[in-house]
J.: 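I'd like to ask you about the structure that follows.
Keep in mind that this is a model prediction, so the values were computed, not measured. Indexing begins at 1, ligand by ligand and atom by atom, following the structure's order.
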Amino acid sequence: MTESGKPILYSYFRSSCSWRVRIALALKSIDYETVPVNLVKDGGQQFSEEFQALNPMKQVPALKIDGITIGQSLAIIEYLEETRPTPRLLPLDPKKRCLVRMISDLIASGIQPLQNLSVLQQMGQENRLTWAQKVINSGFNALEQVLQNTAGKYCVGDEVSMADLCLVPQVANAERYKVDLTPYPTIRHINKSLLALEAFQVSHPCRQPDTPPELRA
Ligand SMILES: O=C(O)/C=C\C(=O)CC(=O)CC(=O)O
């Protein structure tokens with residue numbers, strides 16, 4: 001926490017995992033301070049000794065709150081949910097709750113880590129885009145099928161949930177890597193509805209303290 005008692009979010013504007021947490025903080029109206037960690041500058045500020053002490057995984061996001069420092073976006077979101085339950089991001093019904101976690105894991109474990117910067121950096125420059133498209137398409141094929149059964153207005157029914165916090169940043173990554181979204185009408189529709197919400201807009205990569213001027217909107 002800062003001296004004023006605000007939580008501190010270690011974040012990078014374009015990190016999809018940081019964006020998930022920024023949406024949760026916005027939805028729950030939690031005031032916080034951002035400490036930007038630039039994942040490319042100086043060879044990656046996440047590798048500094050100072051940051052490693054905060055998050056040994058050398059990844060963003062990390063959140064300092066209530067006297068602890070937490071890494072892993074879904075663990076952070078679940079902590080916020082348990083300590084600041086309004087508005088709810090996990091449905092009360094165990095079956096719906098399980099579907100929310102399933103979709104969140106599908107994205108957070110089954111797609112995003114495969115197209116993470118650290119993975120793409122292992123590929124030759126000429127293979128990066130093809131690889132990112134391949135893993136996102138493979139995941140989105142499954143996700144589209146899942147959502148056809150679970151979605152209402154949003155991923156699971158008509159209430160915004162943790163699954164939606166994972167969906168929107170992953171669609172932004174898909175767009176960044178020029179994935180053709182035509183085969184995924186349900187994903188596109190839900191994404192559009194969510195982007196109309198204030199919490200998804202204020203947390204957007206184009207509006208962060210560390211967003212470079214040319215990417216601001
Ligand atoms: O290229 C950069 O500017 C550096 C890192 C990112 O954007 C974040 C990722 O690639 C991971 C992700 O959000 O999936």
J.: Ser15 heavy atoms, cut-off 4.0 Å: which ligand 1 atoms fall inside?
T.: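 Result: 8 (C), 13 (O).
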J.: Where the side chain of Gln52 meets the backbone of Met57, is there a donor-acceptor pair that is under 3.5 Å apart?
T.: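 It does not hold such a pair.
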J.: Considering only heavy atoms from C-beta outward, does the side chain of Val179 approach that of Glu175 to under 4.5 Å?
T.: no
J.: Begin from the C-alpha positions of Leu74 and Ile76 and carry the test side chain to side chain contact (heavy atoms under 4.5 Å, CB included) through to its verdict.
T.: CA-CA 5 Å; Leu74 298 191; Ile76 297 172; over 6 Å; no
J.: Could you list the atoms of ligand 1 found under 4.0 angstrom from a heavy atom of Tyr12?
T.: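 Within the 4.0 Å cut-off of Tyr12, ligand 1 contributes 2 (C), 3 (O), 4 (C), 5 (C), 6 (C), 7 (O).
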J.: Using a heavy-atom cut-off of under 4.0 Å, does the side chain or the backbone of Leu39 touch ligand 1, or both, or neither?
T.: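 Contact part for Leu39 vs ligand 1: side chain (C-beta onward).
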J.: Between Val37, Asn55, Val60, which is the residue that forms a side-chain contact (heavy atoms from CB on, under 4.5 Å) with Gln46?
T.: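 Option passing the side-chain contact (heavy atoms from CB on, under 4.5 Å) with Gln46: Val37.
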J.: Students should be able to answer this: which protein heavy-atom is nearest to atom 12 (C) of ligand 1, and at what distance?
T.: Gln112 NE2, 3.2 Å
J.: Which of the numbered atoms in ligand 1 are under 4.0 angstrom from any heavy atom belonging to Arg14?
T.: 1 (O), 2 (C), 3 (O), 7 (O), 8 (C), 13 (O)
J.: Show which atoms of ligand 1 fall inside a sub-4.0 Å distance from at least one heavy-atom site of Asn173.
T.: 12 (C), 13 (O), 14 (O)
J.: Is there a nitrogen or oxygen of Arg176 sitting under 3.5 Å from a nitrogen or oxygen of ligand 1?
T.: yes
J.: Looking only at protein heavy atoms, which one is nearest to atom 13 (O) of ligand 1, and how far off is it?
T.: Ser16 N, 2.7 Å
J.: Which residue and atom name correspond to the protein heavy atom nearest atom 11 (C) of ligand 1, and how close is it?
T.: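 Heavy-atom neighbour on the protein nearest atom 11 (C) of ligand 1: Asn116 OD1, 3.1 Å.
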J.: When you compare the side chains of Gln112 and Asn173, does any donor N or O come within less than 3.5 Å of an acceptor on the partner?
T.: no
J.: Does a donor on one side chain sit under 3.5 Å from an acceptor on the other, for Asn137 and Tyr184?
T.: yes
J.: Given the rule in the side chain to side chain contact (heavy atoms under 4.5 Å, CB included) test, do Met123 and Trp131 qualify, once you have shown the distances and angles that lead to the verdict?
T.: CA-CA 9 Å; Met123 319 246 155; Trp131 173 259; 3.5 Å; yes
